[in-house]
Protein chains: 2
Amino acid sequence: MQEKVAQLLKKNQMSVTASRTKILELFLASQGALAHADIERLTNGFDRVTIYRTLQTFVDKGLVHTIPTADNSVRYALCKDECSQGHHHDDHVHFMCDDCGNTYCLDHIHVPAVHLPQGFVVKQTDVVVSGICSNCTLR
Amino acid sequence: MQEKVAQLLKKNQMSVTASRTKILELFLASQGALAHADIERLTNGFDRVTIYRTLQTFVDKGLVHTIPTADNSVRYALCKDECSQGHHHDDHVHFMCDDCGNTYCLDHIHVPAVHLPQGFVVKQTDVVVSGICSNCTLR
DNA sequence: CTGGCTTTGCAACCAAGTTGCAAAGGTTTT
DNA sequence: AAAACCTTTGCAACTTGGTTGCAAAGCCAG
């Protein structure tokens with residue numbers, strides 16, 4: 001596992017350090033998206049600043065993308081393989097659960113095409129759905 | 001005009017004060033959405049805190065709604081008449097222009113229904129489109 | 001295992017937003 | 001039109017989230 005994570009870092013042109021390894025492991029182990037605060041809580045000893053910088057590096061290298069949320073908080077989730085350095089293909093729907101607070105990438109649900117009036121050029125469409133996730137409806 | 005604004009405030013159960021009048025005028029005069037910083041710039045003399053509280057009051061009273069944005073900044077726009085105290089009908093698409101930075105409510109473009117996997121309960125769907133707005137493509 | 005570049009931790013800083021409270025302002029009553 | 005009462009404002013202080021500069025430590029080629 002550790003080894004696999006190290007390979008993944010190298011493949012994306014990053015040197016292998018303790019914080020990057022640990023944080024990437026967290027992402028691989030997590031179902032949903034992670035916020036800076038989650039990572040701070042789940043690790044111990046890494047400086048706030050290191051976590052900010054590590055996340056930024058992951059985004060720059062195309063390993064992770066930020067998720068638009070309804071409550072204006074910043075969350076991060078692993079990219080699928082199609083994403084690469086400086087080029088994110090983030091065309092899936094995101095879901096925020098009002099109950100457990102988790103945020104999920106619904107990778108297989110693509111954002112619908114939105115038809116705009118003449119003169120508008122569409123570059124990106126973000127869809128954020130909120131409600132109750134499947135884990136929480138069961139309980 | 002001043003009178004009309006005062007009526008609008010009263011209709012929504014707010015006392016008529018200088019800051020509320022001025023800020024509501026700004027919204028009525030503005031094409032797109034306004035951020036706290038915009039209002040601070042366009043007015044002079046009102047305290048930051050007063051602007052925060054006025055915006056919050058407008059949201060509570062159903063006069064204004066917040067707009068989800070791709071860059072995690074908070075913006076406000078006038079509600080249509082269907083919105084009322086504590087009950088927003090915010091089911092239209094929002095557009096952010098990468099060029100001029102303006103944010104618009106596309107009131108007549110409704111958010112498409114998104115089909116989610118079993119077990120998910122949808123409460124709200126937010127669609128934020130970014131690109132170039134019709135004002136900026138003309139130039 | 002040495003040297004050079006990268007990353008980390010710390011401290012300080014900045015921006016956005018919130019809270020408590022006294023003073024000022026709006027509204028209602030008489 | 002003034003008094004009384006409740007609401008709103010401005011100020012100061014604080015909190016939270018995020019950034020920057022820099023010296024020390026860490027990574028990884030040769």
Side-chain angles (χ1 to χ4, degrees), chain A residues 2-3 5-26 33-61 63-76 85 101 103, chain B residues 2-3 5-26 33-61 63-76 85 101 103:
Chain A
Q2 305 257 42
E3 197 43 41
V5 170
Q7 290 311 99
L8 196 51
L9 287 171
K10 281 182 189 149
K11 202 175 75 184
N12 288 277
Q13 299 127 63
M14 280 175 275
S15 52
V16 179
T17 67
S19 57
R20 304 224 257 239
T21 304
K22 178 67 190 172
I23 293 174
L24 185 46
E25 275 174 19
L26 284 182
L34 296 174
H36 178 274
D38 298 324
I39 296 171
E40 207 170 343
R41 187 162 25 80
L42 295 168
T43 57
N44 46 334
F46 297 127
D47 194 85
R48 283 173 347 107
V49 179
T50 300
I51 297 172
Y52 280 119
R53 290 198 269 228
T54 302
L55 288 169
Q56 190 53 56
T57 306
F58 284 0
V59 172
D60 292 344
K61 299 290 184 182
L63 207 59
V64 144
H65 63 279
T66 59
I67 296 185
T69 56
D71 66 345
N72 287 306
S73 65
V74 183
R75 280 152 190 270
Y76 302 84
Q85 188 152 176
T103 304
Chain B
Q2 305 255 43
E3 198 43 41
V5 170
Q7 289 313 98
L8 197 51
L9 287 171
K10 281 183 191 149
K11 202 176 74 186
N12 288 277
Q13 298 127 64
M14 281 175 274
S15 52
V16 180
T17 68
S19 56
R20 304 224 259 237
T21 304
K22 177 67 189 172
I23 293 174
L24 184 48
E25 276 175 17
L26 284 181
L34 296 174
H36 178 274
D38 298 324
I39 295 170
E40 208 171 343
R41 187 161 26 78
L42 294 169
T43 58
N44 47 335
F46 296 128
D47 194 84
R48 284 173 348 104
V49 179
T50 300
I51 297 172
Y52 280 118
R53 290 199 268 226
T54 302
L55 288 169
Q56 189 54 55
T57 305
F58 284 0
V59 171
D60 292 344
K61 297 291 183 180
L63 208 58
V64 143
H65 63 281
T66 59
I67 296 186
T69 57
D71 66 346
N72 286 306
S73 64
V74 183
R75 281 154 189 270
Y76 302 84
Q85 190 153 173
T103 305

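Within every chain, numbering begins at 1; the chains are lettered A, B, ... in the order of the sequence lines, protein sequences first and strands thereafter.
Spacing between atom CG of B/Asp60 and atom P of D/dT7 amounts to 15 Å, rounded to whole angstrom units. Taking atom OH of B/Tyr52 as the reference point, atom C1' of D/dC11 lies 15 Å away to the nearest angstrom. Rounding to whole angstrom units, CE of residue A/Met14 and P of C/dT8 are separated by 11 Å. Following rounding to the nearest Å, B/Asp71 (CG) and D/dG18 (P) show an atom-to-atom distance of 13 Å. Here C/dA15 presents its P atom at 12 Å from CD of B/Glu40, a figure rounded to the nearest Å. The CD atom of B/Gln13 sits 13 Å away from the P atom of D/dT7 (whole-angstrom rounding). Atoms CG (A/Asp47) and C1' (C/dA11) sit 10 Å apart, rounded to a whole Å. Between the CD1 atom of A/Ile51 and the C1' atom of C/dC10 there is a distance of 14 Å, given to the nearest Å.
If you check distances only, the side chain of A/Arg48 never reaches the base of C/dG9 with a donor-acceptor pair under 3.5 Å. For C/dG26, the base has no donor-acceptor partner in the side chain of B/Arg20 [N/O atoms by modelled type, under 3.5 angstrom]. Scanning atom types as modelled, one donor and one acceptor separated by under 3.5 angstrom connect the side chain of A/Arg53 and the base of C/dG9.
Of the residues near DNA chain C, A/Val49 and B/Val49, the one whose nearest nucleotide (by heavy atom distance) lies more toward the 5' end is A/Val49. The residue among B/Gln56 and A/Thr57 whose nearest nucleotide of DNA chain C lies closer to the 5′ end is A/Thr57.
Contact check, B/Thr50 against D/dT8: no side-chain N or O comes under 4.0 Å of OP1 or OP2. For A/Ser19, a side-chain nitrogen or oxygen approaches OP1 or OP2 of C/dT8 to under 4.0 Å. For the OP1/OP2 pair of C/dG25 and a distance below 4.0 Å, the side-chain nitrogens and oxygens of B/Thr17 include no atom meeting the criterion.
Minimum interatomic distance between B/Tyr76 and B/Leu55 (heavy atoms only, all atoms of both residues): CE1-CD1, 3.6 Å. Closest non-hydrogen pair, A/Ser73 versus B/Asn72, comes out as O-OD1, 3.5 Å.
A/Arg20 places no side-chain N or O within 3.5 Å of a backbone atom of A/Thr54 that could act as its donor or acceptor partner. Side-chain atoms of A/Asp47 come within 3.5 Å of backbone atoms of A/Val49 as a donor-acceptor pair (strictly under, hydrogens ignored).
When distances run from any side-chain atom of A/Ser15 to the nucleotides D/dG18, D/dC28, C/dG17, the shortest one goes to D/dC28.
Test A/Thr103, A/Thr66, A/Thr69 against A/Arg75 for side-chain hydrogen bond (donor to acceptor under 3.5 Å, both in side chains) and you get one pass: A/Thr103.
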